[in-house]
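Heavy atoms only: backbone and side chains are in, while hydrogens, waters and symmetry mates are out. Counting starts at 1 for both ligands and their atoms, in listed order. All figures in this text were calculated on a predicted structure; none of them were measured in a lab.
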Amino acid sequence: MSAGVAERFRELYGAGPRGVWAAPGRVNLIGEHTDYNDGFVMPFALPQSALAAVSPRDDGVLRLHSAEAGGDPVVLRVAALAPGEDRAWTAYPAGVVWALREAGHRITGADVHLASAVPPGAGLSSSAALEVVTALALNDLFGLGLTGTVLARLCRRAENAYVGAPVGIMDQTAAACCEAGHALFLDTRDLSRRQIPFDPAAGGLRVLVVDTRVAHAHSAGEYGRRRAGCERGAALLGAAALRDVRYGELDAALERLDGEPEVRRLVRHVVTENRRVERAAELLESGDLRAVGPVLTEGHASLRDDFGVSCPELDLVVDTALAAGALGARMTGGGFGGSAVVLAPEDAAEGVAGAVREAFAGAGFRAPRVFGALPSAGARRVA
Ligand code: ADP
Ligand code: MG
């Protein structure tokens with residue numbers, strides 16, 4: 001695959017690239033809507049990656065091309081990059097160059113060709129894959145010596161400030177720092193992380209990702225509303241963030257929020273979800289993979305009933321998968337569409353996938369994309 005992008009780079013820019021880098025999409029196993037509450041998340045990297053063939057330039061010119069976007073390379077000047085002007089896909093890689101320069105790093109231009117197997121807009125973080133692969137390539141080519149954590153922070157800055165999307169730190173950290181055969185336990189407050197062994201195949205299990213291929217239009221406004229509600233909950237409880245409300249204190253906290261039914265439900269989700277991430281990590285570390293299933297399903301119920309971010313398609317995946325023998329299932333990502341993650345015994349996986357496809361057809365929904373996902377490697381140089 002890296003030979004193909006190098007060849008395409010040569011066609012576009014007239015000479016071969018200095019190198020080829022890869023950064024994966026991710027699926028969040030558990031820990032949803034916890035990141036902006038300073039809480040815990042536990043994503044793992046998908047086998048699908050974004051590849052970048054890149055050569056440095058010293059004349060201040062940045063040329064960007066994407067196999068999926070097509071067309072001719074977009075030509076920009078690094079000194080003229082400014083947030084808020086670019087509304088196209090190029091804002092992701094250009095934003096990374098901008099963020100690196102803002103942080104004082106000397107980036108004097110580059111030729112970039114990107115090709116990604118991460119489906120965009122499916123909640124599998126195609127955006128962070130593009131950012132991180134660009135950042136890692138520039139880090140190597142310009143000898144910046146930055147760690148994965150620092151690159152992830154810069155990529156998040158690019159997406160927040162340059163692209164204008166108010167995302168947390170999970171996606172970029174997952175793309176930069178995940179390891180094959182592991183899920184990544186990340187504390188989004190201090191960015192400390194732990195690699196948690198997660199080898200479903202060795203445990204006779206399969207992880208299925210179901211991309212519902214729907215994106216309900218009201219998601220941005222609803223996201224803002226949930227975020228504001230969480231902030232209000234923390235303020236009412238006198239906590240810096242909901243992360244600081246401990247699971248053992250939950251009942252008392254909910255009592256104090258008696259007059260605020262909506263905030264109360266949001267708080268209950270976040271506090272129990274943080275506990276579920278810790279629980280899932282403990283179970284994986286003790287080798288009890290099957291027991292993670294019910295934790296996922298509980299997480300879905302909490303997102304559906306308390307946080308209110310599921311949708312009929314996601315609920316149908318979960319209900320159908322469980323009825324067909326899955327050990328657990330949940331929506332993953334922000335909600336209102338996107339993808340679900342299913343943990344199933346190896347011998348039930350095909351049946352689960354078939355049942356979900358049938359249920360979607362029966363409900364008149366668009367055919368979903370279903371694929372198996374082994375926890376894969378984070379960002380790296382591949383050629
Ligand atoms: P997600 O990260 O969940 O896939 P986002 O909305 O955050 O969804 O990012 C999707 C956007 O990222 C696309 O609309 C597009 O602008 C950009 N993108 C992703 N992959 C590519 C690609 N291969 N080529 C060009 N742009 C891409
Ligand atoms: Mg994204």
Between [X] and [Y] (judged by ring centroids, cut-off 6.0 Å), do the two rings come close enough to count as a pair?
| X | Y | value |
| --- | --- | --- |
| Tyr36 | Tyr223 | yes |
| Phe198 | His182 | no |
| His269 | Phe307 | yes |

Look at [atom] and say which protein heavy atom is nearest, naming residue and atom and giving the distance to 0.1 Å.
| atom | answer |
| --- | --- |
| atom 26 (N) of ligand 1 | Trp89 CB, 3.3 Å |
| atom 13 (C) of ligand 1 | Pro120 CB, 4.3 Å |
| atom 9 (O) of ligand 1 | Ser127 CB, 3.4 Å |
| atom 3 (O) of ligand 1 | Gly123 N, 3.3 Å |
| atom 22 (C) of ligand 1 | Ser66 OG, 3.7 Å |
| atom 19 (C) of ligand 1 | Ser126 OG, 3.2 Å |
| atom 18 (N) of ligand 1 | Leu130 CD1, 3.7 Å |

Next item on the list: Please determine if Asp38 and Arg243 form a salt bridge, counting it only when a charged side-chain N lies under 4.0 Å from a carboxylate O.
Entry: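 Salt bridge between Asp38 and Arg243, a charged N being under 4.0 Å from a carboxylate O: no.
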Note to self: Pairing donors with acceptors under 3.5 angstrom, does anything connect the side chains of Arg153 and Thr149?
What the structure shows: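 No, no side-chain donor-acceptor contact under 3.5 Å.
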Check: Would you say Ser127 reaches the Mg ion (ligand 2) with an N/O/S atom under 2.8 Å?
Finding: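 Here the distance criterion (N, O or S atom, under 2.8 Å) is met by Ser127, so yes.
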Next item on the list: May I ask whether Leu124 has any heavy atom positioned less than 4.0 angstrom from an atom of ligand 1?
Entry: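 Heavy atoms of Leu124 do come under 4.0 Å of ligand 1.
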